[in-house]
Amino acid sequence: MEIDRKAFLSSLGGAAALNMMSDEAKADALEEHMMFQLNRATPNGPAGGPKFPTAAEIEAQIETRPSRRGVGTLFVSPRGNVRKLPTMPAQPTLIDFFNLRFQDTANHVLQSANLAKKNGMSEEIILACLLHDTVQALIKVDHGWWGAQLFEPYVSEKTAFAIRYHQALRFYEDKENGYEYPDLYRRMFGVHYKPEPYIEATYQMVRKHKWYIYPRQVTVNDLYAFEPNVNPQLEEFAGIIGRHFKQPKEGLGFDNSPVAHMWRSIIRPDAPL
Ligand SMILES: [Fe+2]
Ligand SMILES: [Fe+2]
């Protein structure tokens with residue numbers, strides 16, 4: 001999708017504000033900006049969409065705001081009060097979560113999965129693309145790791161690996177495998193990225209891993225997925241979900257898995273304790 005560099009930079013608070021942000025934060029800001037544009041451009045996106053804050057505002061307001069930026073999208077409203085959430089079925093499926101809790105990322109991950117399918121990826125990678133950012137309903141900081149943990153009991157090891165490490169790999173070019181995301185970062189920010197040490201260390205580890213290609217394929221099908229007016233539907237992936245996502249019969253959140261509480265937290269984010 002087309003990005004207005006000037007508008008994006010000024011929405012961040014300009015060059016001075018940009019200097020105060022870590023590269024991870026800049027990348028997240030860009031992703032958030034693109035998701036917002038996407039949701040605004042598609043008919044089934046959330047009405048209005050979130051307001052994009054400036055970096056200067058973020059820095060100045062850390063100690064004045066009641067919540068932190070890494071909090072999940074369900075837990076804080078970007079503008080005004082949060083809304084009452086629709087009730088979920090007693091034995092909720094992945095599809096119920098998509099329809100009733102993952103709306104903020106649904107368009108983006110559906111587009112990613114759609115592109116992965118067009119590009120002939122394996123079904124395990126198409127599923128990874130379909131799930132890769134959805135945990136942001138629960139928490140945004142380190143979403144690759146959180147997302148992999150949330151889905152690990154229900155997907156193959158390869159799918160979980162791909163989800164976990166896409167977050168680190170997005171900073172590193174790999175033209176041989178068709179990844180040019182960092183070019184966009186450079187165009188947007190005019191800087192060479194120096195990811196935080198834990199991201200760099202993770203990249204070095206994954207780069208040598210025999211499964212390197214799987215998270216790489218998620219990043220390859222990630223960026224270009226931000227296309228306005230492309231609205232793939234979840235039903236198109238029902239077969240892949242059925243074959244590769246082990247839906248617990250008790251429902252997600254009620255199967256006593258080690259991550260059941262994470263699903264329940266997405267179901268009931270209004271519970272006070
Ligand atoms: Fe992501
Ligand atoms: Fe993404």
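All residue numbers in this chain count up from 1 along the given sequence. Counting convention: from 1, in listed order, for ligands and their atoms alike. Please read all numbers here as calculations on a predicted model, not as lab measurements.
Cation-pi contact between Lys140 and Phe75: absent, since separation from the ring centre below 6.0 Å together with deviation from the ring axis within 45° is not met.
For His108, the N/O/S atom at the shortest distance from the Fe ion (ligand 2) is named NE2.
Here the two rings, on His143 and His132, have centers that are 6.0 Å apart or farther. Phe161 has its ring centre less than 6.0 Å from the ring centre of His209.
For the pair Asn231/Asn107, a side-chain contact is recorded, criterion being any heavy-atom separation below 4.5 Å from C-beta on.
Salt bridge present: Glu123 and Arg243 bring a charged side-chain N and a carboxylate O closer than 4.0 Å.
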Review item, side-chain donor-acceptor pairs of residues 88-99, under 3.5 Å, at least two apart:
residue, atom, partner, partner atom, Å
Thr93, OG1, Ile95, N, 3.3
Thr93, OG1, Asp96, N, 3.2
Thr93, OG1, Asp96, OD2, 3.1
Asp96, OD2, Thr93, N, 2.9
Asn99, ND2, Ile95, O, 3.3

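Protein atoms of type N/O/S that fall under 2.8 Å from the Fe ion (ligand 1) number 3 in this view.
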